[in-house]
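One structure is given below, encoded as structure tokens.
Proteins come first, then strands; the chains are lettered A, B, ... in the order of their sequence lines, and each starts at number 1.
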Amino acid sequence: MTDTASRPDTGTSIPDRPSLEGLEDKWDGVWSEQQLYAFDPGTTRDQVFSVDTPPPTASGSLHVGHVFGYSQADMIVRYQRMRGKNVFYPLGWDDNGLPTERRVQNYFGVRCDPSLPYDADFTPPQEGGDNKSSKAANQLPVSRRNFIELCERLTEIDEKSFEEVFRTLGLSVDWNHSYQTINAHSRATSQRAFLENLEADQAYQSEAPTMWDVTYRTAVAQAEQEDRDRDGAYHRLGFTRTDGSGSTVVIATTRPELLPACVALVAHPDDERYQDLFGSTVTSPLFGVEVPVLAHSLAQPDKGAGIAMICTFGDANDVTWWRELELPTRSVIGRDGRFLPEAPWISTPEGQALYSELAGLTVFSAQKRVVEMATESGDLTSEIEKISHPVKFYENGDKPLEYVTSRQWYLTNGGRDQSEGGLRDDLIARGKELTWHPAYMESRYRNWVEGLAGDWLISRQRFFGVPFPIWYAVGADGETDYDTVLTPPVESLPIDPTIDVPAGYEEAQRGVPGGFVADPDILDTWGTSSLTPQLAGGWNSDPELFSKVYPMDLRPQGHDIIRTWLFSTIVRSHLQQDSLPWTHASINGWILDPDRKKMSKSKGNVVTPIGLLEQHGSDGVRYWAGRARQGVDTAFDEGQMKIGRRLAIKILNASKFALGFGDAPADPAGRLAADPAVVTDPLDRALLAQLGKVVEQATVAFDDMDYARALEVAEPFFWAFCDDYIELVKERAHGNSASGEAGAASARAALAIALEVQLRLFAPVVVFATEEVWSWWRGGSVHTQSWPVAEPLFEAAAGQDASLVASVAQAAISVRRIKSDAKVSQKTPILSVRIVASPTVLAHLEAAAADLTALGRIESLELVAGETDEIITEDIELGEPPVKAPRNKG
RNA sequence: GGGUCGUUAGCUCAGUUGGUCAGAGCGCCUGGUUUACACCCAGGAGGUCGGGGGUUCGAGCCCCUCACGACCCACCA
């Protein structure tokens, strides 16, 4: 970084017509070849700035939101690099999980059938298909291993095309350190972390009712659930009292099909209406099952009928009541979402006959049938009352979640341990320890942690993911002994327990009495994604690297995944390393379409990023991202991209012009682009003083990771530099001024200094145009220069007051207005004019009078002090407009 | 119902500890081919800072309240 002082012997010459076209490819190629953004493993931790970047879902599509968020992070990173940090900036791919499974199914026309054997010579039936219509029936069943191989093949293709977009965007990622959440390294890391959690009693298995997606046939964690409003209806059903009175107790339910799964009725203990019922029993309509009437404070007197039927299981309250009131389990819904064949607790023949009609039906059909039955029998006591109510769905699913009792693995996340000073408190404290940008995002995190209802359900009944690295012993009776968990040694990871065999066993013992069985499940995709700092930092493979980059400095991400990715990453680091995973979190907002809705694929209003990059240039698109503040949802606005493109073009053109006046002598101290000693003109000095202030402000902003503020400071200065300063000093810089060679040298040196500093100020945002200009003129890359500092600029200003620039610019506007008002060309000479201004401003104008008269083509200028805050022009005498040259351009 | 953010010119947004803070860009209007830039330049018009209270010598900026918008959580008998 010492090459700022030396002038290159050779350089790219300045083009006649500078253009943005092709700069992305050109510079990406150069940077890549020079390994400009490669991490240097040789430095110490305090010199490193490490970033835990969001790994995009490789099988999804990149959308404009990605471009937005990644650009913002890149600006922060580039600033840190210019501050001399050794940047560790990897980018991974999240290629593990359901989205990949679905894409592979469509692309290759296959589906996974774990019961099939591996076929080493397998060729998929199709390639490149993307027809959503391909039905499961038309998909060729393949073994799990074949399926996973196809997943790996396809993700490689997808990742390549994503990388192209990110390179075009100008992200300063170190591609040598990219990672995948499904490759062997990640599987080993994820499995090791799980085994250590198991060892530390942070992971445990439990057989319990869990939210279950009947389409994907997998358990679903709280973080993956969402509410959707669905039409429903209260059905009022009468239960018969068993005291011989024959009277009925009416309950209201939106799930009448769960009537056969009823285990009790419940009302609030203080509810006057049901006091005499508590402790008694009633029989259910249709099925004639005798159930108790119980009291529990969770029952709400004002809801439904005020008394509810408890079924196993209709909702979260049912689970609570079932557990706390120690009720039996009467499950009717199977893992496929259909009614189970048997309901042995129904004792009456009539009840059994009715139930047999439900067996095998979907929830939807069963509800219809039960309502018909109850209507026929007269048990449905009144009209059905239609309502709209929220129903829980898996975020990727389209059928409501059901409760299914199953054995699952859990990881502690504070949802269960809510004791004073327990895990939940620890995790809330971690949130406070983290520096959030913007700060208020911390409350979203805390909100989520405080609202957790249970531990993290981490097992999934899917295929493409990281397998649980465990087996269970099989007893002599042939029953799986879930309490005897067999684990592999860490050195053997990654393993697939359905293929590998635990120590001390032979393959022949798989599934036989006295043998072993594999855990068939895979880890939640977040179970691996939550380890991105460990994956990228080499926790399981490169301890030396890990010690230099972890905990990382920055996690950039969207606010929508604070509850998932951010939270789960904090959980894993807290459990594994007893540390925060990073010190700063930069939270970007969403992109909203013109209707102020989040742009998302499902809403069909997504714009593809590559088209935007081509149309507006990467610098233009980055500018749009750079103008948006952290955390703030931002309108998708191509107008902003056009402005960004304009800025980038202006940088090219203004640079070309400013460099065209001739050389300025080099700075002997090597701190500036030209020798500050020759900057003697007051206007030039004032400009550098003003630029010094801009540098100070931009630095303060960037130190706070506020790229938007930094850009907001640099941008107006640059436009004023172009429109006012350059225009004012043009003639002088050419040597056409009374100040002669000294005045010209001063202007040229100031232009060089100011231009060079501004290129560095813009480099984090306008990456391609600044690099292009740098290459015309300076050695090396602008992106590895040091961030500018204000002190040499102030020294060069030699005490000149920066406000002189503003005074002269104001006067320039007044002079121009004379011609605008007269509707004549700005080239029209002013034969004479008197300018009246306050004494302070007047002194400024006197100091720059020669430049001002050159700008305005003023032949006779009179400057007069007056008691005014404005700049007044009077006694104006305009000359003849210049003769128009014939139009012969183009 | 709980929480968070927002409401400033037609549009997109700045306005950092209350005292040139009423701003920028776009759009609009009027001019101008000014050899760096027509992917341009110059000039101009536009707002009772969501409503209502309050604190203060003084409030987009602080407090209360209401309205509207957005998101997260809870609610699913």
Side-chain angles (χ1 to χ4, degrees), chain A residues 14 16-20 227 229-230 232 234-236 251-255 265-267 299-300 303-311 314-318 387-392 400 438 440-448 450-453 559-560 562-563 589-590 592 594 596-598 617 620 624 627-629 631-635 637 639-640 642-643 645-646 648-650 652-660 697 700-701 704 706 708-709 712 715-716 719 722-723 726-727 730 812-813 816-828 857 869 881-882 884-885 887-890:
Chain A
I14 303 175
D16 286 339
R17 291 187 61 83
S19 158
L20 295 177
D227 286 347
D229 275 323
R230 282 294 176 272
Y234 279 135
H235 300 77
R236 293 176 192 278
I251 61 98
T253 178
T254 57
R255 301 285 309 264
L265 300 190
V266 66
Q300 295 176 31
K303 205 163 202 172
I307 185 165
M309 72 170 180
I310 304 174
C311 305
D315 63 21
N317 280 342
D318 281 346
I387 58 163
S388 174
H389 63 152
V391 178
K392 282 237 183 291
Y440 63 76
M441 287 294 174
E442 192 264 337
S443 63
R444 296 205 181 197
Y445 169 87
R446 189 168 9 91
N447 215 257
W448 171 253
E450 285 172 351
L452 284 170
H559 58 62
D560 50 329
I562 288 174
R563 62 177 188 154
W590 277 346
L592 308 175
R596 310 300 296 175
K597 299 280 186 233
K598 184 194 177 189
W624 161 70
R627 289 297 304 221
R629 291 183 142 61
V632 178
D633 292 348
T634 302
D637 186 358
Q640 287 293 320
K642 286 180 182 150
I643 296 164
R645 182 179 174 82
R646 224 166 59 103
I649 293 169
K650 192 76 172 181
L652 295 178
N653 282 316
S655 300
K656 177 193 165 194
F657 187 62
L659 295 173
Q697 290 170 27
V700 166
D704 193 32
D706 191 350
R709 176 80 186 150
E712 194 178 79
E715 194 187 0
W719 284 100
C722 292
D723 296 340
I726 290 183
E727 293 298 331
K730 229 179 214 183
I813 288 173
R816 286 165 176 155
R817 185 161 39 213
I818 293 168
K819 300 174 190 179
S820 263
D821 289 350
K823 299 194 191 302
V824 296
S825 162
Q826 292 293 329
K827 280 165 91 175
T828 308
R857 298 179 188 237
D869 291 337
K884 287 192 179 183
R887 282 171 193 260
N888 56 3
K889 194 174 181 180

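Set against C73(B), U12(B), C75(B), the side chain of A635(A) has U12(B) as its closest nucleotide. In this structure, of G32(B), A38(B), C26(B), it is C26(B) that holds the atom nearest to the side chain of I643(A). The R646(A) side chain lies nearest to C26(B) when the options are C75(B), G43(B), C26(B). Checked against C72(B), U34(B), A36(B), the side chain of C722(A) finds its nearest nucleotide in A36(B). Out of G2(B), A42(B), C75(B), the shortest distance to the side chain of R816(A) is found at A42(B). Comparing atom distances between the R444(A) side chain and each of C75(B), C73(B), C71(B) picks out C71(B) as nearest. You'll find that the side chain of Y440(A) is closest to C5(B), out of C37(B), G44(B), C5(B). Which of C76(B), G32(B), C41(B) sits closest to the side chain of K392(A) comes down to C76(B). Checked against C76(B), C41(B), A70(B), the side chain of H389(A) finds its nearest nucleotide in C76(B). Distance from the side chain of N653(A) is smallest to C37(B) among C76(B), C37(B), C71(B).
As rounded to whole Å, 15 Å separates atom P of U30(B) from atom CG of D821(A). Atom-to-atom, CG of D16(A) to P of C37(B) comes out at 10 Å; the value is rounded to the nearest Å. With rounding to whole Å, Q640(A) atom CD is found 15 Å from A24(B) atom P. For Q826(A) and U30(B), the CD to C1' distance is 13 Å, given to the nearest whole Å. The distance from atom NZ of K650(A) to atom P of C26(B) is 11 Å, rounded to the nearest whole Å. In this structure, the NE2 atom of H559(A) is 15 Å from the C1' atom of G3(B), given to the nearest Å. Atoms CG (D637(A)) and C1' (C11(B)) sit 8 Å apart, rounded to a whole Å. U4(B) atom C1' lies 10 Å from atom CZ of R446(A), rounded to whole Å.
Here G25(B) sits opposite C11(B) as a Watson-Crick or G-U wobble pair (both hydrogen-bonding atom distances under 3.5 Å). As the counterpart of G18(B), no nucleotide is assigned, since no Watson-Crick or G-U wobble pattern has both distances under 3.5 Å. Across all strands shown, nothing is found opposite A38(B) as a Watson-Crick or G-U wobble partner with both distances under 3.5 Å. Under the Watson-Crick or G-U wobble criterion, with both distances below 3.5 Å, C68(B) is paired with G6(B). Searching all strands for a Watson-Crick or G-U wobble partner of U55(B) with both distances below 3.5 Å returns nothing. Pairing for C61(B) is absent, with no Watson-Crick or G-U wobble pair whose two atom distances lie under 3.5 Å. Here A45(B) sits opposite no nucleotide as a Watson-Crick or G-U wobble pair (both hydrogen-bonding atom distances under 3.5 Å).
In this structure, I813(A) reaches the sugar-phosphate backbone alone: every heavy-atom distance under 4.0 Å involves primed, P, OP1 or OP2 atoms, never a base. Note on N317(A): a base of the nucleic acid sits closer than 4.0 angstrom, heavy atoms only. At the heavy-atom level, A299(A) lies under 4.0 Å from base atoms of the strands shown. As judged by a 4.0 angstrom heavy-atom cut-off over every strand, W624(A) is placed among residues making no nucleic acid contact. Among the atoms of the strands shown, only primed sugar atoms or phosphate atoms (P, OP1, OP2) are found under 4.0 Å from some heavy atom of A252(A).
Counting only heavy atoms from C-beta outward, the side chains of L652(A) and S19(A) never approach each other to under 4.5 Å. In this structure the side chain of F657(A) reaches within 4.5 angstrom of the side chain of I726(A), judged on heavy atoms.
One P atom belongs to C76(B), the other to G6(B), and the distance between them is 31 Å to the nearest Å. The gap from the P atom of A42(B) to that of U35(B) amounts to 14 Å, rounded to the nearest Å. Distance check on atom C1': C61(B) versus G1(B) gives 31 Å, rounded to whole Å. Separation of the P atoms belonging to C62(B) and C75(B) is 34 Å when rounded to the nearest angstrom. For the P atoms, the distance from G27(B) to C41(B) is 12 Å, rounded to whole Å. Rounded to the nearest Å, the gap between the P atom of G47(B) and that of G2(B) is 39 Å. If you take atom C1' in C37(B) and the same atom in G44(B), they sit 23 Å apart, rounded to whole Å.
Within the 4.0 Å cut-off from OP1 or OP2 of U34(B), at least one side-chain nitrogen or oxygen of K827(A) is found.
Between the side chains of W590(A) and D560(A), a donor-acceptor pair is found at a separation under 3.5 Å.
Judged as a side-chain contact (heavy atoms from CB on, under 4.5 Å), and not counting sequence neighbours, the contacts of S820(A) are Q826(A). Evaluation of the side-chain hydrogen bond (donor to acceptor under 3.5 Å, both in side chains) rule for R709(A) yields E712(A) as partners, not counting sequence neighbours.
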Please list each protein N or O that sits under 3.5 Å from an N or O in nucleotides 16-20 of chain B, with the distance.
unit_1 : atom_1 : unit_2  : atom_2 : d
U16(B) : N3     : R709(A) : NH2    : 3.1
U16(B) : O4     : R709(A) : NH2    : 2.9

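Taking syn as a glycosidic angle within 90° of 0, G60(B) qualifies as syn. Syn is the glycosidic conformation of G46(B), whose angle stays within 90° of 0.
Considering all non-hydrogen atoms of both residues, K819(A) and T828(A) come closest at NZ-O, 2.8 Å.
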